[in-house]
Amino acid sequence: MAKGQRQKPAAPWTVFLRGGAAALGVYLAGLLLLALLLVRGTLPEKSAFPAVAVLCAAAVFCGGMTAARRSPWGTLPAGLACAALFAAVLAAVGTAFWQGITWTGRGGILLLCALAGGLLAGLLGGRKRKRRKRK
């Protein structure tokens with residue numbers, strides 16, 4: 001690209017797909033690590049669900065920050081859209097592969113953790129400040 005030409009901004013849906021993919025990648029990698037810790041006995045079994053809930057919020061936070069920095073919509077709508085995408089994938093996988101999920105129980109808590117992670121990413125994901133040129 002020549003000097004002085006501006007790069008075309010990416011389409012908004014690609015930004016959210018990248019954020020959702022980042023969130024899903026962090027979530028799956030964290031679940032693999034959590035499974036390893038549970039099998040080795042490092043993490044007790046009773047604390048598995050709270051760890052999954054924290055992991056869900058942290059994964060959406062990472063994906064939401066990725067989307068919030070690049071989105072043309074602003075930080076809060078971008079973080080919440082990434083969280084909604086992640087929650088939709090989580091709900092779709094949950095209904096497709098498991099019978100009798102109680103969304104008012106632990107499944108609902110995971111969805112709320114995902115939305116909380118997106119909200120936190122939207123609130124903290126401020127844009128980079130432009131540097132002022134000094135004389």
Open item on the list: Under 4.5 Å between side-chain heavy atoms, counting indirect links through other Ile/Leu/Val/Met/Phe/Trp/Tyr residues: same cluster for L115 and L119 or not?
Closed with: no
Task: Shared hydrophobic cluster, V60 / L24 (ILVMFWY, side-chain heavy atoms < 4.5 Å) - done: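 V60 and L24: one cluster.
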Indicate the atoms forming the closest heavy-atom contact of [X] with [Y], along with that distance.
X: A67; Y: A78; result: O-CB, 3.9 Å
X: C56; Y: L90; result: SG-CD2, 4.4 Å
X: A92; Y: T95; result: O-OG1, 3.2 Å
X: C82; Y: G64; result: SG-N, 3.7 Å
X: A48; Y: L38; result: CB-CD1, 3.9 Å
X: A121; Y: A68; result: O-CB, 4.4 Å

Task: Mutual orientation of the aromatic rings belonging to F16 and W73 [parallel < 30°, tilted 30-60°, perpendicular > 60°] - done: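 Answer is tilted, since the angle falls between 30° and 60°.
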TODO: Taking the side chain as every heavy atom from C-beta outward, state whether F49 and I109 have any pair of such atoms under 4.5 Å apart.
DONE: yes
Task: Heavy-atom side-chain proximity of V26 to F61 below 4.5 angstrom - done: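 The answer is no; the side chains never approach within 4.5 Å.
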Reported [atom1]-to-[atom2] distance for the pair [X] and [Y], which is rounded to 0.5 angstrom:
X: L124; Y: L76; atom1: CG; atom2: CG; value: 10.5 Å
X: T75; Y: L123; atom1: OG1; atom2: CG; value: 7.5 Å
X: L80; Y: L85; atom1: CG; atom2: CG; value: 12.5 Å

